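Naming: A, B, ... by sequence-line order, numbering from 1 per chain. Remember, predicted model here, so these are calculated numbers, not experimental data.
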Amino acid sequence: MLAKTYDPAAVEQRLYAQWETSGVFHAEPDPARRPFIISMPPPNITGRAHLGHGSTYTPMDILTRYHRMLGENADWLPGQDHAAIATEAVLVRELAREGLTRDGMGRDAFLARAWEWREEYGDIIYEAFRRLGFGPDWARDRFTMDPGLSAAVNKVFVALYNEGLIYRGTRLVNWDPKARSTLSDAEVEYEDADSTLWHIRYASDDRKRSVVVATTRPETMLGDTAVAVHPDDERYRDLVGTELVLPLASRKIPVIADAAVEREFGTGAVKVTPAHDFLDYEIGLRHDLPMPTVIDVEGKMTGDIPAKYIGMDRNDARRAIASDLEVAGALVKREPYRNKVAVSSRSGEVIEPLLSLQWFCRMETLAKPALDAYRDGSIRFVPERFGRTYEQWLENIRDWNVSRQVWWGHQLPVWYTPNGDAVVAESEDEARRIAQERHGTTALERDPDTLDTWFSSGLWPFSILGWPQKTRELQHWYPNQVMITSREIIFLWVARMVMLGMKFAGDIPFETVFITPLVFDEHGRKMSKSLGNVVDPLDLIEAYGADATRFGIVQQMRLESQELRFDERLCKKAREFNNKLWNAVRYIASLPEGVPAALQLPADAQLTLADRWILSRLRLTVEDVTAALDGFEFGVAADRLMSFAWYEYCDWYLEATKTPRAAVTRAPILTYVLNAFVRLMHPIAPFVTEEIWQALPHEGATIATATWPQAAEIPRDAGAVETFSELMKKIEEARAFRAELKIAPSQKITFDVPSDLNPELVDLLKQLANAEAHPGAARAGGLAGVTVEAPEALLRDRYEREFVKLSDEVARSEKKLSAPNFADKAPADVVAREREKLEQYRRELARVEEALAELAKSMR
RNA sequence: GGGCGCUUAGCUCAGUGGGAGAGCGCUUCCUUGACACGGAAGAGGUCGUUGGUUCAAUCCCAACAGUGCCCACCA
C-alpha cells in the first residue's frame with residue numbers, strides 16, 4: 001500500500017546511498033564514447049551551502065544526469081579550493097579565541113592546525129551537496145593543495161618564470177592591512193561611502209602664492225612629493241615649476257603639470273602621494289618623484305614624518321592631521337562627499353595602496369590566445385553578452401600580482417641565496433643544484449610568501465585530470481564541454497583558466513561557459529548575513545524535500561535574466577507537484593487491472609481519442625524539454641514539465657480514463673506516459689522520479705542510467721489533438737454554465753449532441769462535465785453541434801451576454817480587415833487567418849442568435 | 001564616467017510584430033473511484049512614460065524616469 005502523501009525525507013537518503021554505492025556517478029575515460037565533462041567550480045573549504053550553490057551547481061547536476069541518460073560518457077569532477085586568505089582569516093579568528101596568534105605559533109604549527117581544520121570542517125559543504133542530490137564523481141574528488149595539484153602549480157610557476165612571464169618587482173599594490181597581505185585587482189571591491197572632501201592650502205615659502213588641493217585622505221599628505229595640475233590649466237600655469245611648502249612637514253614640493261589631472265574636479269589641483277595612491281603612483285613614475293612610504297603594513301603611520309604621528313592608526317591620523325591643519329590655518333574647508341572606497345573582498349578592510357616588493361605575472365602574451373579563442377568561436381558564452389565582458393577585460397589586462405603574505409597556500413617555489421639572488425625551481429633539491437651552479441652556494445632561504453589562491457584554481461580543469469602527466473583522463477576529458485559559474489568570477493577565474501589552459505594544456509579548457517544568475521531575496525535585495533535574509537538550502541530541503549528545492553530554484557532561471565529573485569512559493573508548489581505525481585502512481589495502482597507488468601503500448605487500433613491526444617502531447621513535451629535543456633533553459637524545462645504532468649496528464653487524461661470504455665488501454669498508457677515523463681524530469685528532480693520509476697515497470701536498476709525518451713518513438717496524431725482540444729473547450733463551456741447557473745454538481749445537465757457523434761466523446765462529456773447526452777439533435781458534424789440544456793431564463797442571460805461579446809469581436813475583426821492597407825500590405829497568411837476568425841465569430845454569433853430565437857419561441 | 005540588465009495582474013515571474021499568460025494570493029462552489037500538498041468556475045492588467053518605425057507595437061528604435069549588476073586611476 002502506497003502512502004497517501006509523498007514524503008521526501010523517507011526516500012532521499014536511501015536513494016542517494018543506492019546511487020553512490022552502485023557507482024552511477026562514476027565514469028572512466030572511454031575513447032569510444034562521446035564525453036560530457038564538467039569540472040565543478042571548487043567551493044571553498046570554509047564554505048557553507050547557500051542558495052547561490054543552488055542556482056550554479058544544480059544546473060551542473062542536471063546537465064550531467066541528462067547527458068548520462070543520452071548515453072554519453074558523462075562525469076562531473078568535484079573538488080575544493082583551499083581559499084588562501086579566506087581560510088586563513090577564519091583560522092586566525094579561531095586562534096584568537098584561544099589567545100593564540102599566527103606569528104606566535106610559527107609557520108609549521110599554524111599549517112598543521114590549518115590541515116586539521118580542513119579535515120574537520122572542510123567537507124561540510126559536500127554534505128549539503130549530497131542532501132541536494134548532487135551526483136559528482138566523488139571518487140575523483142580533488143583539493144587544490146593535493147600533492148599532484150601542488151606539483152602542477154610549481155611546474156607552471158617555474159615555466160612562466162623561465163619564460164620571463166613571472167617577475168619580481170616593487171610596485172604599488174592593493175594591501176589588506178587586516179589580512180596583512182596583497183590582493184589582486186580582481187579581489188578589490190568598491191563600496192559607496194560618506195566621506196569628507198578636505199580642501200587644504202599649500203603655500204609658497206614666501207606665502208605669496210598658494211594652491212588649494214582637495215583630498216579625501218589628508219593623512220597621506222605627509223607622503224606628498226608634488227602638487228599636480230593639468231598642463232592646459234590657465235589658473236595654475238605660472239605656478240608650474242615653482243615649489244610649495246608642505247604643511248605640518250615643512251618640506252618643499254614642486255608643482256608639476258600632468259594630463260591625468262581633471263581640471264573640473266575640486267580645485268583642479270591635486271596633491272601627489274605616489275606611495276599611497278594609484279593615480280599618484282603613475283604621476284610619480286612619469287615625473288620621477290620620490291615615493292616615501294608613510295603608512296605601514298598594519299595601516300599605521302610611519303616613515304620620515306613628525307614624531308607625534310608615528311604609530312598612529314591611519315584613521316586616527318586622518319582626524320589628527322585634519323585638526324592640526326586647521327590649527328595651522330591650512331584647512332580651507334571641509335565638505336561632505338560621497339565616493340567609493342576600495343575594500344578587500346576577503347576581509348572587508350579598506351585597501352591601503354602600498355609600495356611593496358612582490359611577484360607579478362605578465363599577462364599580455366597569455367591573454368592574446370584567450371582572446372582569439374573567444375573571437376574565433378572556440379569558446380562561447382551563454383548568454384552571449386558575457387563574452388563581451390570577458391573580451392573587454394582581456395583587452396585591457398594588467399599584470400597580476402600573484403604573491404600573498406598568508407601562510408595557508410602554495411608557498412612560492414622561490415629561494416634566495418645569502419646575496420639575495422632568487423632561485424626558482426620545482427623542488428628544493430633542484431633549487432640547491434641551480435644555486436650551486438649559478439651562485440656557488442647551497443645556503444638557501446625559501447620565500448615565505450604563498451601564491452594567490454586563483455593561481456592554483458586557474459589550472460583546475462587540467463590539474464585535476466593529472467597534468468602534467470599525460471593521463472587517460474587528460475587525453476579524453478580535456479577540454480571539458482561546459483563550464484558553469486557565476487559572472488562575478490569571469491575575470492578572477494574563467495579568463496585565467498583559459499589563459500593557463502591554452503598555455504600549458506595546449507587547448508581551451510572548455511567549449512561553453514554558462515553564466516548563472518545571481519540570487520536575490522524576494523524583494524531584490526542581495527542575500528547577506530547582516531540583512532538576515534539568507535536562505536539555507538538545508539532548511540528548504542527540510543520543508544519541501546531536495547527535489548522541490550531544486551525545482552523551485554531552477555524554475556526561476558531564465559537565460560537572459562541576470563538576477564534571480566528567489567521565491568519560496570515555487571518550492572512549495574514543487575513539493576505539491578511531487579505529491580501530485582506520486583498520487584498518479586497510486587491511481588494506476590488502484591485500478592482494477594492494476595499496474596501493467598511491462599511497458600507496452602496497446603495496438604494502434606485500440607487507442608482511444610484521449611490516448612492519442614496524451615501521447616501526442618507527451619511527444620511534444622519530450623521535444624520541448626530536450627530543446628530547453630540543450631539550450632540551458634532550465635526554467636522553461638521546469639515549466640513545461642509541470643504543466644504537462646499536472647494539467648494535461650492528471651487533470652485531463654487521467655480524469656478521462658475514468659470511463660468504462662477507456663478501461664482497455666488506460667493502464668498501459670498511463671504507465672507508459674508516466675514512465676517517460678519521470679525520465680524527462682529526473683535530471684531536475686532525481687529522487688521522486690527514481691521512486692516513481694521503480695514503482696512502475698522498468699528496465700535496469702536505476703532511472704539514473706535509463707535512456708532519455710525519444711520523441712520519434714512516441715505516436716502522434718494531429719487530428720486527435722484537434723478533436724480533443726475542441727472537446728476540452730466544450731467541457732469547459734459546460735462547466736462554466738454549471739457554475740454560472742448555480743447548478744448543483746450532483747444534478748445532471750443535458751447535452752444535445754449530433755446522433756452521429758463518436759460514442760467515446762459522449763462518454764467523455766458525461767465523465768468530465770457530469771452531463772447526459774441527448775442524441776438526435778443532428779447538427780453539423782464534429783463537436784460543433786454540442787449544446788447544453790439548462791433553465792431557460794438563465795440561459796437567455798448567458799446567451800445575451802455571449803451575443804454582445806461576439807458582436808464586439810465581429811466588429812473588431814471587420815474593422816481590422818477593412819483598415820487601409822491591411823489587406824494589401826499584411827502577409828497573406830495573416831489576412832487569411834483574420835478572415836477565418838471573422839467567419840468563425842459570425843458562425844458562433846449566428847448560433848447564439850438562433851439559440852436566442854428558439855428560447856424566445858419556447859418561452860412565449 | 002563607460003558597459004550590461006530589468007520595469008507585464010496584489011506578489012514572484014513567463015511571453016509574442018497580428019485578439020494579454022502562469023503560479024501564489026483572493027472570491028464562489030465541490031470531498032465525484034490517486035491527490036484538500038486536491039478538483040471546478042471566476043474577479044483582477046490602458047504590458048513604466050513620451051515620441052518614432054510599421055498596414056499593425058506590450059514586443060522593434062530613440063529619449064526619459066525608476067531599479068539592479070559589472071567595469072573604470074576623478075583625488
Using only side-chain N and O atoms of Arg735(A), determine if any of them is under 4.0 Å from OP1 or OP2 of rG39(B). no
Students often mix this up, so state it plainly: with edges at 30° and 60°, are the rings of Tyr649(A) and Tyr653(A) parallel, tilted or perpendicular? parallel
rC13(B) OP1/OP2 closer than 4.0 Å to side-chain N/O of Arg565(A): yes
Touch class at under 4.0 angstrom, heavy-atom based, for Leu197(A) against every strand present: nothing
Please tell me which of the listed nucleotides, rC4(B), rC35(B), rA14(B), lies nearest to the side chain of Arg586(A)? rC35(B)
When the distance from CD of Gln392(A) to C1' of rC4(B) is rounded to whole Å, what number comes out? 9 Å
Proximity to RNA chain B (any heavy atom under 4.0 Å), residues of residues 645-653 of chain A only: Trp646(A), Tyr647(A), Cys650(A), Asp651(A)
How many angstroms lie between atom CG of Leu768(A) and atom CZ of Arg735(A), to the nearest 0.5 angstrom? 6.0 Å
Does Lys580(A) get its side chain close enough to the base of rC35(B), under 3.5 Å, for a donor-acceptor pair? yes
For Arg575(A), what residues pass the salt bridge (charged side-chain N to carboxylate O under 4.0 Å, His left out) criterion, not counting sequence neighbours? none
Give the dot-bracket string for RNA chain B, reading 5' to 3', where a pair is Watson-Crick or G-U wobble with both distances under 3.5 Å, ( ) marks pairs inside the strand, [ ] marks pairs crossing earlier ones, | marks a partner on another strand, and . marks unpaired. (((((((..((((....[..)))).(((((.......))))).....(((((..]....))))))))))))....
Side chain to side chain contact (heavy atoms under 4.5 Å, CB included) with Ile515(A): of Tyr390(A), Phe632(A), Phe386(A), only one passes, and it is Phe386(A)
Check whether any side-chain nitrogen or oxygen of Lys573(A) sits under 4.0 Å from OP1 or OP2 of rC24(B), and answer yes or no. yes
Please report the distance, rounded to the nearest Å, between CG in Asn578(A) and C1' in rG23(B). 15 Å
Verify the contact: side-chain N or O of Lys4(A) to OP1 or OP2 of rA36(B), cut-off strictly under 4.0 Å; return yes or no. yes
Met363(A) CE to Arg496(A) CZ distance, which is reported to the nearest 0.5 Å: 6.0 Å
Give the ring-plane orientation class for Tyr6(A) versus Trp582(A), where under 30° counts as parallel, over 60° as perpendicular and anything between as tilted. tilted
Give, for atom OH of Tyr190(A) and atom CD1 of Ile351(A), the distance between the pair rounded to the nearest 0.5 Å. 8.5 Å
Under 4.0 Å, heavy atoms only, any strand: does Arg398(A) hit a base, just the sugar-phosphate, or nothing? sugar-phosphate
Using OP1 and OP2 only, check whether a side-chain N or O of Tyr337(A) sits under 4.0 Å from rA75(B). yes
Arg569(A) side chain, from C-beta outward: closest of rC11(B), rA75(B), rA34(B): rC11(B)
For Glu264(A), answer base if it contacts any base atom (sugar-phosphate contacts may also be present), sugar-phosphate if it contacts only those atoms, and nothing otherwise; contact means non-hydrogen atoms under 4.0 Å. nothing
From the options rA41(B), rC73(B), rC24(B), select the nucleotide whose nearest atom is closest to the side chain of Leu279(A). rC73(B)
With a 3.5 Å cut-off and heavy atoms only, can you find an N or O donor on one side and an acceptor on the other between the side chain of Glu576(A) and the base of rA36(B)? no
If you assign Arg833(A) and Gly266(A) each to the RNA chain B nucleotide with the nearest heavy atom, which residue ends up on the more 5' nucleotide? Arg833(A)
rG18(B) phosphate, OP1 or OP2: any side-chain N/O from Lys837(A) under 4.0 angstrom? no
Using heavy atoms to find the nearest nucleotide of RNA chain B for Pro827(A) and Met557(A) separately, return the residue whose nucleotide is more 5′. Met557(A)
Any idea how Phe577(A) and Trp646(A) line up, ring-wise: parallel (<30°), tilted (30 to 60°), or perpendicular (>60°)? parallel
Heavy-atom neighbours of Glu384(A) CD exceed 12 at 6.0 Å: no
Among rA14(B), rC74(B), rG18(B), which nucleotide sits nearest the side chain of Phe265(A)? rC74(B)
Distance (rounded to the nearest 0.5 Å) between Asp258(A) CG and Arg286(A) CZ: 4.0 Å
CZ of Arg558(A) versus P of rC69(B): gap in Å, rounded? 22 Å
